[in-house]
Amino acid sequence: MYTVAFAFIVLCSFGALRFLGQTTIWNVDGISQHYPILEEFYRILRGTAHQSLFGWSWNLGLGADQMTTFAYYVVGDPFSYLIALFPADKLELGYQVLTILRLYAVGLAFLVFAKQMRLKRSGSLVGALIYTFGSYSFYVSYHHPFFLLPLIFFPLLCVAIDRIYHGQSFLWLVAITAVVLISNVYFAYVLAIGSLFFAVFRYVDLKQKGELVRPLPRSLGYFALTVVMALMIAAMILLPNLLSMLSSSRSGSAIFANGLKFYPAIYYMKLPNAILNASGQMYYWVVMGTSGLTLIAMIWSFRHFKKYLMLNILILLIAVGLLFPEVAAVMNVMSTPSNRWLLLAQLAFGLVAGRFVDHLDELVPADFKWFLYGTLLLFAAIWVSNGFIFRLQAHHLMIYGIYLVMLLVIAYALIGDFKGPRLRFSILALVIINAASTGLGFYSSNYSHSQGDELSRGVASHWTTAFYDYANRYLAKHDKSFYRTATTSDYYSLRSAGNNIPMLLNMHSISSYFSIQSGAVNDFNKALMNSENTMNNPTRNVDNRTTMTSLLNVKYLFARQDEVGQSKIPYGFKIVKNRKGKTLLFRDQPVYSLGNGTGTVIYQNKYATPLAYTQTQQLSSSSYNKLTAADKEQALLSGAQTSKKMSGVKTVKATTTAESVPYKVTTTSIPITTVAQAINYRLTHNTNRSLSANVNGDLSTADAKKIRGFNWSGQTFQCHSVFNCPE
């Protein structure tokens, strides 16, 4: 029955995107991080990549260890290895299938947990659907699919802990803990805290009920042994990953909780509506929206507070935790106040709903009064926080409508002969409809304009080859030496901090976009005050600075055709020409919704330093540290800056080489400050009449066919937005 219900909900929710001709590949991190990494992992598994997983790669920014870089995404994800089963031209499909497989496993994990918690079949099924299809699951499925993994692991960890309390083998906990440690260090941190809370609350619960089989000292001994054995099993993968994270750009870089004592007022105002809804604005990763039945079940559980004491206290702690940014920061590895820990709360939501369904036949009219009072309190909070008005999104009203229907069904059951299997089946049907509606709320064109945030079919696979308009193929053919590349800072206007597609094209780009980046590379960029520096992409394109670009061995620079002679090109870079002495131009390869609307040209740097070279001098630290960023990069051309003085090497004083020159600024054009102005500029400077830049007018059927990823069905399309065009 779970499989049938799962298939129906997936068909309604994910099927809406499929019907629109779109994928679950997000046009931000999906195409910038997750899809390129999965494609590179595919090549590694199939043996077609230029290096193995356990080795150094020069295609990861300035160079990085492949395994520790990919460990955050695919190395410990058992589902990612299944991508090797797909043909090379079906990786987009594989990406989506693996997402749905992970989601299916989320529900299976809850069913195992429900059996351990002795839920009945009906309660187990309803709880599994609520746990699987909460707003959190939908959100990460569409944006960060590997974040479904902790939703699979957490119920299994809880089952293994409970088995220890019941006198059963602890080896299950050892195995699952080892898998979690290998999977992702961040997940391991969050799940460790969640497991600790479960262990404490479950112990007290079993102790009160007299169901504890194994005494606490022995249980603690097994827990300690579990940690030791799991660490030993996972050490080969865990230790390099842990050391990499501790020395990464993220380590110690964030201010705890962003310095907040409380969240901004808008955050608290949005919380009441976020209980059952998640589509719309999201603040600090509060993706909590659960089924309406969960809210009814929590009210019922609070009415029987002592009977379900520990579960009720846990739900209250979740509510309190949402109020303080310090809680989110602690759960987010002592950094920013991101409420991604709400993935743990989904288990409590599924459990309380499952228990409620198992006791449906025991409801009395007094319970319904509590349901009404709780509903009125929620609606009052939404009304007040929404500015004393009920003007909500259409989808939010739909969710509340389903919630009210649930109340009506329960009311009818209390006053009429409508209990037993009929009542449970009605509740199940409403839970399924609620789950499907939650999914539709994210990306159905009837409820949201966000469907444009997911790429159309064919776009990802095409962009990963046409990223440079095939200019990379020219370089690969005509220059067999090692070199690094970069792009002009506005070659693509991306919503993300970078892009990993150059990794697939073997262009040794100095830019990369990973969650784990070298702290040393980050420190280098900060020392030279690289204005493009971010934690996830420390180097980017170094703002196209002349000396810094050359220091990093950038031999070739990809630039937009429509900015030749206008954009800032570092000194020493000369445009590459063909045999006839004309600029070598690579015409635009239209990519629907992602193309930059212009062709590509290549600049070659005659001052690029080799990848590796030695210095005969070392710089005096005291004099070097006093220099400006511009002088520091110049000084690095004459000597090496070392962490400590090396004996036998000449020390030279770093000096100022920059000169101040008089200048004045005159306005030659009106600056572009709005999206509309940017659209107009791109259209008027569309040198090649590129189809990917034609974003504000009709496309003929012939033109529509030429754009990869544009869903053509034999008619003319009107596109109204530079970013999101309806199919």
Side-chain angles (χ1 to χ4, degrees), residues 33-34 36-47 49-81 83-84 144 146-147 149-150 152-153 157 174-193 195 226-254 332-335 498 500 503-504 508 510-525 534-539 612 643:
Q33 275 189 312
H34 309 318
I37 289 171
L38 187 65
E39 184 170 332
E40 181 68 7
F41 192 56
Y42 173 86
R43 297 176 182 181
I44 292 172
L45 294 175
R46 298 290 290 262
H50 66 283
Q51 77 277 312
S52 69
L53 178 63
F54 299 95
W56 187 266
S57 174
W58 293 111
N59 272 321
L60 307 180
L62 298 183
D65 176 65
Q66 189 97 7
M67 192 276 289
T68 55
T69 303
F70 279 15
Y72 192 82
Y73 306 93
V74 293
V75 174
D77 177 6
F79 295 91
S80 293
Y81 292 85
I83 193 66
H144 310 283
F146 68 100
F147 263 78
L149 293 178
I152 300 172
F153 296 145
L157 285 170
V174 173
I176 298 167
T177 302
V179 171
V180 171
L181 292 173
I182 293 172
S183 173
N184 186 293
V185 176
Y186 173 75
F187 294 160
Y189 175 88
V190 176
L191 292 176
I193 297 176
S195 298
T226 292
V227 173
V228 173
M229 293 179 65
L231 286 172
M232 293 176 65
I233 294 171
M236 185 177 293
I237 301 295
L238 174 65
L239 287 181
N241 291 339
L242 187 59
L243 291 173
S244 178
M245 288 195 70
L246 292 176
S247 61
S248 71
S249 58
R250 285 179 174 269
S251 180
S253 60
N332 198 36
V333 200
M334 310 302 288
S335 61
N500 291 327
M503 168 185 67
L504 302 175
H508 307 139
I510 62 175
S511 175
S512 60
Y513 186 33
F514 300 107
S515 291
I516 305 300
Q517 295 277 14
S518 168
V521 171
N522 190 48
D523 293 340
F524 168 77
N525 281 278
T534 63
M535 286 191 301
N536 291 346
N537 190 353
T539 309
S643 57

Check: [Y] and [X] side chains under 4.5 Å, non-hydrogen atoms:
X: Asn537; Y: Ser511; result: yes
X: Phe514; Y: Asn500; result: yes
X: Ile237; Y: Met67; result: yes
X: Leu181; Y: Leu231; result: yes
X: Asn536; Y: Arg250; result: yes

Inter-residue atom distance Leu60.CG - Gln66.CD, 0.5 Å rounding: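 The distance works out to 5.0 Å.
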Drop me the distance from Phe187's CZ to Ile182's CD1, to the nearest 0.5 angstrom.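 Going from the CZ atom of Phe187 to the CD1 atom of Ile182 covers 15.0 Å.
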Looking at Ala178 and Ala234, what are the two nearest heavy atoms and their distance?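 Here Ala178 and Ala234 meet closest at O-CB, 3.8 Å.
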Would you say the side chains of Tyr73 and Ser80 form a donor-acceptor pair under 3.5 Å?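 Side-chain D/A pair, Tyr73 to Ser80: absent.
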Do Tyr189 and Asn332 get their side chains close enough for a donor-acceptor pair, meaning under 3.5 Å?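 The criterion, which ignores hydrogens and geometry beyond distance, is not satisfied for Asn332 and Tyr189.
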Do Phe146 and Phe79 have ring centroids that are under 6.0 Å from one another?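 That pair fails the under 6.0 Å test.
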Could you tell me whether Met232 atom CE has more than 12 heavy atoms of other residues or ligands within 6.0 Å of it?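 No - once you tally the heavy atoms of other residues, nucleotides and ligands closer than 6.0 Å, there are 12 at most.
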Using only atom types and a distance under 3.5 Å, with no angle test, would you say the side chain of Ser195 pairs donor to acceptor with the backbone of Ala192?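 No, the answer is negative, given that no donor and acceptor are paired below the 3.5 Å cut-off.
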